[in-house]
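Naming: A, B, ... by sequence-line order, numbering from 1 per chain. What you see is a predicted model, and the numbers here were worked out from it, not measured in a lab.
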Number of protein chains: 4
Amino acid sequence: MDAGLAIFSQFGFRGSTLDQVAEAAGLSKPNLLYYFRSKEAIYTALLANLLEDWLEPLEALDPDGDPVQEITSYALRKLDMSQNFPRESRLFANEIIQGAPRIHEVLRGELKDLVDKKAKVISAWVGQGRIKPVDPYHLVFTIWSLTQHYADFEVQVTAVLGDIDPFEGARHHLSALLRGLLVP
Amino acid sequence: MDAGLAIFSQFGFRGSTLDQVAEAAGLSKPNLLYYFRSKEAIYTALLANLLEDWLEPLEALDPDGDPVQEITSYALRKLDMSQNFPRESRLFANEIIQGAPRIHEVLRGELKDLVDKKAKVISAWVGQGRIKPVDPYHLVFTIWSLTQHYADFEVQVTAVLGDIDPFEGARHHLSALLRGLLVP
Amino acid sequence: MDAGLAIFSQFGFRGSTLDQVAEAAGLSKPNLLYYFRSKEAIYTALLANLLEDWLEPLEALDPDGDPVQEITSYALRKLDMSQNFPRESRLFANEIIQGAPRIHEVLRGELKDLVDKKAKVISAWVGQGRIKPVDPYHLVFTIWSLTQHYADFEVQVTAVLGDIDPFEGARHHLSALLRGLLVP
Amino acid sequence: MDAGLAIFSQFGFRGSTLDQVAEAAGLSKPNLLYYFRSKEAIYTALLANLLEDWLEPLEALDPDGDPVQEITSYALRKLDMSQNFPRESRLFANEIIQGAPRIHEVLRGELKDLVDKKAKVISAWVGQGRIKPVDPYHLVFTIWSLTQHYADFEVQVTAVLGDIDPFEGARHHLSALLRGLLVP
DNA sequence: TATGAATGAGGATTCATTCAT
DNA sequence: AATGAATGAATCCTCATTCAT
């Protein structure tokens with residue numbers, strides 16, 4: 001799985017070969033296929049495996065917590081994940097950019113349901129005047145896009161920033177951004 | 001070129017086949033290769049062609065304009081490009097996620113130089129107190145990531161939003177976000 | 001024709017492309033094919049054109065001349081041809097090494113007839129005691145192989161001799177060889 | 001290797017196809033490429049493999065033996081090789097006629113060194129008056145060209161001689177030739 | 001559980017030749 | 001007489017998958 005993640009996240013599904021994965025896994029190709037039925041099977045196993053972890057932070061957004069605190073914590077957790085699990089982020093990014101042929105269902109099912117649920121929470125907070133008026137969906141997109149950017153577009157970020165570690169600054173920036181956007 | 005853009009932006013370089021491109025272009029495969037030396041040549045021609053257009057909006061950021069106005073205009077122009085040229089956006093996204101093997105130089109050269117230049121402009125505005133203290137680099141990343149998100153992760157956005165057009169809301173959200181972040 | 005000779009003699013029939021020939025001829029590919037029906041046509045035209053010149057020296061061997069003188073002159077003329085027309089020599093060599101698919105008939109017809117005729121002349125000289133006993137066929141092969149060697153295997157000859165011109169020495173050597181073989 | 005030799009020696013590198021080699025080897029094309037990385041790899045493996053065997057007879061020329069005897073033995077061994085390994089001979093011939101792009105280095109290195117060494121031996125014999133004055137390099141070329149002629153130009157030899165086996169006569173002829181050239 | 005060997009289905013590219021003008 | 005454009009038929013090579021052991 002780790003080998004598959006390493007390869008697939010870098011080259012995408014079509015760009016990766018079983019030879020690469022087997023090599024990275026320290027297995028022979030046939031032996032790799034002894035554990036997984038097919039190339040596709042490795043890939044979908046990876047996606048499925050990761051999905052839960054990937055959605056967990058949003059799941060954890062607590063309706064009973066402090067709104068700004070909750071949203072900021074969620075965003076910072078996503079940023080941490082970009083920092084610590086960039087390969088996972090890129091694996092999803094690759095999949096989704098190419099039309100998400102394998103997880104379209106999940107997006108329209110579980111993901112949509114989860115976002116809808118949390119959007120209601122955020123809308124409620126807005127209604128209670130606890131945060132400024134904000135479209136909850138676009139707020140979520142903002143958090144997703146910005147946090148994942150540091151993982152998915154790492155080469156570009158590094159090209160622009162040089163040796164400076166982006167995550168320290170990103171954390172401050174993200175907090176400020178959310179404060180400006182949310183704090184009434 | 002248009003056929004190449006359509007295919008490469010959807011499947012990435014490795015995931016695309018000349019058959020697909022030729023089919024989309026209404027040409028036979030050898031005839032396609034009569035105009036372009038190789039698959040790689042089509043792809044790099046596309047990238048080179050697009051790069052200028054892609055950087056132009058940031059280039060246009062005017063040091064002598066109104067700071068919030070300038071930055072917001074820039075962001076909205078990028079958002080328009082995501083709306084009107086999503087394939088171009090995805091082409092770059094694909095390339096960069098996979099490590100930008102073909103445009104790494106450009107990123108570290110022209111792109112970095114341009115961003116550095118505009119970062120100075122933004123920092124000056126901050127120094128003059130015309131906008132709130134903000135890290136110019138992370139501000140740029142925010143604009144890039146958020147605007148491109150609507151093109152690059154279109155399937156996901158659509159899966160979550162259903163039939164609602166995302167761009168109308170995105171424009172308002174983006175403006176509000178920048179206002180909260182920048183207006184002193 | 002000259003362009004065809006240049007290319008085909010270097011790369012053989014299969015190894016040469018019409019592009020190369022057209023380029024060498026300063027013509028466009030379709031225009032080349034306006035003059036010659038096909039790649040094959042260029043090649044066979046070349047072979048046919050050259051064959052006569054190639055056999056002429058042996059034809060000229062005079063039954064009424066001085067045996068040693070005649071044979072030596074023949075050999076030296078062949079050597080001159082290797083020196084002055086190495087491409088022609090290599091064209092035939094390529095063709096024959098690969099089984100002479102296009103001139104097999106000529107070899108078994110005209111060439112064999114010519115050699116048979118001249119073999120009789122040489123045998124007659126042997127019978128008259130004017131030269132030492134020698135198998136006329138193998139004598140002819142000796143002259144062919146040795147003279148053509150300097151053209152066909154030019155790279156090897158040059159690799160071994162360096163900058164020294166091989167032909168001067170070859171002429172002396174060939175004369176001596178024939179003297180030793182023929183002079184009673 | 002045997003299949004490769006059969007095909008490449010007949011059609012040259014460019015004229016041979018992997019299909020032919022695979023067919024001759026009783027393998028599928030991909031399976032052939034499982035054993036050899038590429039077409040080129042098969043070809044160069046063949047050349048490398050053969051080179052040593054090909055130079056060995058000259059290596060064996062003994063400075064302490066009887067000059068005429070040594071040279072004649074060498075020539076007859078080369079002739080035997082032409083008889084028994086004509087495909088090997090044609091493989092080299094094809095390569096060298098086309099400019100030896102793959103073994104140029106070897107020709108200018110090992111081959112030249114070996115010939116230089118043996119040329120000195122022959123020159124010494126000449127200096128001692130044990131054989132007639134003869135250019136050692138051209139003597140070597142004579143032996144190479146004549147012996148290989150029977151393999152490389154086999155179609156032509158056969159076309160001229162018909163059913164007669166050439167090698168029996170060639171041996172006598174070659175011995176006589178060397179006697180006339182060398183015996184003082 | 002493990003792997004050397006094998007292969008069918010592509011996939012990029014080349015090339016002789018043809019077509020339209 | 002000339003050529004830009006087009007293409008079918010190779011041709012080399014890759015790769016996911018299977019087979020035999």
Contact state string [nucleotides 14-21 of chain F, B base, S sugar-phosphate only, - no protein heavy atom under 4.0 Å]: BBBBB---
For the helix from E/dA2-F/dT21 to E/dT21-F/dA2, what angle lies between the axis at the first five pairs and the axis at the last five pairs, to 10 degrees? 20°
Distance check, rounded to the nearest 0.5 Å: B/N94 atom CG versus B/F11 atom CZ?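 Rounded to the nearest 0.5 Å, the CG-CZ separation comes out at 10.5 Å.
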Under 3.5 Å: donor-acceptor pair, side chain of [X], backbone of [Y]:
X	Y	value
D/Q20	D/T17	yes
B/S9	B/A6	yes
D/K39	D/S16	yes

At less than 4.0 Å, is any side-chain N or O atom of [X] found next to OP1 or OP2 of [N]? Yes or no.
X	N	answer
B/N31	F/dA5	no
D/Y35	E/dG4	no
D/Y34	E/dA6	no

Which residue lies more 5' along DNA chain F, comparing C/L27 with B/L32 via nearest heavy atoms: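 Its nucleotide being nearer the 5' end, the pick is C/L27.
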Do the side chains of C/E23 and C/K29 get close enough for a salt bridge, i.e. N-O under 4.0 angstrom?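 Result for this pair is no, no salt bridge flagged.
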Test: D/R87 and D/D152 ion pair at under 4.0 Å: no
Report the distance from atom [atom1] of [X] to atom [atom2] of [N], rounded to the nearest whole Å.
X	N	atom1	atom2	value
D/E23	E/dT7	CD	C1'	16 Å
D/Y43	F/dC12	OH	P	14 Å
B/F11	E/dG11	CZ	P	12 Å

Answer yes or no for C/R102 and C/F13: cation-pi contact, defined as NZ/CZ to six-membered ring centre under 6.0 Å and angle to ring axis within 45°.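 So C/R102 does make the cation-pi contact.
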Heavy-atom count check: over 12 atoms from other residues, nucleotides or ligands less than 6.0 Å from C/E56 CD?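 Enclosed: over 12 neighbouring heavy atoms sit under 6.0 Å from CD of C/E56.
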CZ/C/F85: more than 12 non-hydrogen atoms of other groups inside 6.0 Å: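 Not buried by this count: 12 neighbours or fewer within 6.0 Å.
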I need the single residue from C/L46, C/I7, C/I96 that forms a side chain to side chain contact (heavy atoms under 4.5 Å, CB included) with C/L91. Which is it? C/L46
Strand contacts (DNA chain F) in residues 92-101 of chain D, 4.0 angstrom heavy-atom criterion: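 Here the set is empty: none.
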Which atom of C/F36 lies closest to which atom of C/A45, heavy atoms considered: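 Nearest heavy atoms, C/F36 then C/A45: CE2-CB, 4.1 Å.
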